[in-house]
Structure formats: C-alpha cells, structure tokens
Amino acid sequence: MNYKQLAQTGVRIPEIGLGTWNYHGGTEPLRAGIELGARFIDTAESYGNEEIVGQAVKGIRDTVFIATKITPRHFKHADVIRSAEQSLKRLNTDHIDLYQLHWPNYLVPIAETMAAMEELVRAGKIRFIGVSNFSVREMRQAQAALTSNKIVSAQVRYSLVDRTVERGLLDYCRATDITLIAYSPLDLGMENIRKYDRSDLLAQVASEAGKTRAQVTLNWCVVHDSVVAIPKANRVEHVRENCGASGWKLNPDQLKTLNHQIRFRQRGAIESAGWRLARCIGQRFGYSI
Ligand code: NAP
C-alpha cells in the first residue's frame, strides 16, 4: 500500500482508505483492509456506523487514521462541540484524526463553525480540519475563517467517469497543498462505470496491466500525488481487491486510453450553482442534512 502525506502535516495516510457510507459489513471487512495497509477509515455522524468503526479499531486505534464528518445542521458553535463529543463516544476514542464539515451550511456563518473547530483542535479532540463538498470559493472562505489552522483535505466526488473536480478544484488543492479525498471512486458500483465504457476499454487495460477493472479504476484516481480514494466495500473480497489498486502504476499509454477514450461527466458552473441553490433552500426549510 502506498502512503501519501496529508497536506503539509507530516502525517502519512494510505492512498486507498475505507469508505463506510451505506456500509453493512460489520468489523471484518474493515479489519481485513487495515491488515492490508488501508489504515484510514472514513465515516460520518450521519452514517450511523461510528460504533462499528470504533469496534473495528479496538486495540489498534493508534495505527488507524479515523476521519469523520459533522452534519451541517450542527454547525452552530455549541452544536459542533456536542457533535464532536458524541462522535468521540461512538468511536470509542479520545481523538478524531480528521474532522470534516460534511457539506457547506448556507445559514450559519462559517466563522462561527470554524471557531468551534479550532477550539476542538486546541482541546486535542480533533487533530486536523477538513471540508467536504465545498467549492473552491467556499474553501477559500473557510480557510479565511481559520486563525491558526489550515484546511488539510477536501472530500469530493471523483472517479474515472465523474471528473467535475478537474474544472478547478483539483488544481486549487494541488496549489494549496490540500489532500483531495475522492469519494464514490467506483461511481457507487462498477456497473455504473460500465455505462460510460460501452466498448469495455477498462477490461483491455486491466488485462494488459494484470489487474482487475476496479483496481484500474481506483489506480487511475490516485495517480495524482495529492489524491487518495475511499472506496466502500461490504465484502471482504472487494476490500482485498481494492487494496490491490495501490503499489503499482498505470503506464502513460494506459492513462491516455482511460483519459481520452472513456466518457465522463463534468458538472458545469450553472449546474453546480443549481445544486447549491437547491441545498440552500433545503437547509432553509429543514429538509436537507
Ligand atoms: P463507491 O465506493 O464508489 O462504490 C461502492 C460500491 O462499489 C458498493 O456497491 C461496493 O460493493 C462496490 N464495490 C466496492 N469494491 C468493489 C470491487 N472491487 N469490485 C466491484 N464492486 C465493488 O461508492 P460510495 O460508497 O458512494 O463512496 C465511497 C465512500 O465515500 C463512502 O462509503 C463514504 O465514506 C464516502 N462518501 C462521502 C460522501 C460525502 O458527501 N462526503 C458522499 C458519498 C460517499 P459491496 O459493498 O457489495 O462490496
């Protein structure tokens, strides 16, 4: 398993971590991943499985990097502190390695949220601050609201077939030394990837590389130094396969084929603004996280 430095922190994390949204595998797949070097688990207070993560790292807590997320409806100062305490309890640990703002909140000033996040850092309850689903503009505002910490990571959707972040966010992360954590790196399942790859070029590249389609898909994602990926797998055999996506490199010709011959989607500025507006209205009327 290759490890990459998290931003400029000096802390190294595996380039393939373990996602847990919709995760129902119990502790076994997580333990299998950890044994193969995927010592980085991503969860969230809204996933309802922080206890399972806590059980999976029991006895080996110090060897695993735990990232969790706080839900936007808890972005007021007192709620941030309370959410962190509750996550710590569920995770059965005394510190969270990476605490991420799950989505922007359009109603609570970011300065209020970040002041609480910095209080948690000072108290030793969280080590690093990250964001998720923030635009470049929102990331700049979030960074400006911090007084003595740096945002170390941006968790965003990124895969071979969803390359929206290549419209600026990936470059911004590179330029500012922020680690990009790619979520849904398998586009929620290989059958979805296949829809963009009608002639099955992935199979061709995979057979050439002596790897599987999923391994090629994940390896493509982590080709950039600043990117790590967090596939989710309920099944131990999938976890093992995903860990085998690290430790080797696609060659330039294979990358060229994947980059240019497989279709992909890329959300434009207007579409992104539409999503943000919908989320903002959702938050205003209390029906979005
Ligand atoms: P994903 O990892 O792209 O895809 C998960 C699906 O792929 C599951 O059905 C899984 O099957 C299957 N799979 C895994 N490994 C496979 C393999 N080697 N071969 C074939 N199929 C395989 O989707 P995701 O869960 O949306 O994203 C991953 C993680 O990113 C999440 O779990 C979560 O931690 C994070 N995430 C964050 C956000 C956010 O807003 N920040 C949003 C979405 C996701 P099995 O489960 O049956 O093994």
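Counting starts at 1 for both ligands and their atoms, in listed order.
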Nitrogen or oxygen contacts under 3.5 Å, ligand 1 side and protein side:
unit_1   : atom_1 : unit_2 : atom_2 : d
ligand 1 : 2 (O)  : K232   : N      : 2.9
ligand 1 : 3 (O)  : P185   : N      : 3.4
ligand 1 : 3 (O)  : L186   : N      : 2.8
ligand 1 : 3 (O)  : D187   : N      : 3.3
ligand 1 : 3 (O)  : L188   : N      : 3.0
ligand 1 : 15 (N) : N242   : ND2    : 3.0
ligand 1 : 18 (N) : E241   : OE1    : 3.3
ligand 1 : 18 (N) : N242   : OD1    : 2.8
ligand 1 : 26 (O) : S184   : OG     : 2.8
ligand 1 : 27 (O) : S184   : N      : 3.0
ligand 1 : 32 (O) : T20    : N      : 3.0
ligand 1 : 32 (O) : W21    : N      : 2.7
ligand 1 : 34 (O) : T20    : N      : 3.1
ligand 1 : 34 (O) : D42    : OD2    : 2.8
ligand 1 : 40 (O) : H102   : NE2    : 3.3
ligand 1 : 40 (O) : N133   : ND2    : 2.9
ligand 1 : 41 (N) : S132   : OG     : 2.8
ligand 1 : 41 (N) : Q155   : OE1    : 3.1
ligand 1 : 46 (O) : K232   : NZ     : 2.9
ligand 1 : 46 (O) : N234   : N      : 2.8
ligand 1 : 46 (O) : N234   : ND2    : 3.4
ligand 1 : 48 (O) : N234   : N      : 3.0
ligand 1 : 48 (O) : R235   : N      : 3.3
ligand 1 : 48 (O) : H238   : ND1    : 2.7

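- With salt bridges taken as basic N to acidic carboxylate O contacts below 4.0 Å, none links R31 and E28.
- Taking both residues in full, the closest heavy atoms of T43 and E50 are given as OG1-CG, 3.7 Å, listed atom of the first, atom of the second, then distance.
- Applying the salt bridge (charged side-chain N to carboxylate O under 4.0 Å, His left out) rule to pairs touching residues 226-246 yields R235-E237, sequence neighbours excluded.
- Counting only residues at least two apart or in different chains, salt bridge (charged side-chain N to carboxylate O under 4.0 Å, His left out) contacts with residues 141-157 comprise R157-D162, R157-D187.
- A salt bridge links R82 with D79: at least one charged nitrogen is closer than 4.0 Å to a carboxylate oxygen.
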Pairs of donor and acceptor atoms involving the side chains of residues 17-27, under 3.5 Å and at least two apart or interchain, shall be tabulated with distances.
unit_1 : atom_1 : unit_2 : atom_2 : d
T20    : OG1    : D42    : O      : 2.6
Y23    : OH     : G26    : O      : 2.5
H24    : NE2    : N22    : O      : 3.4

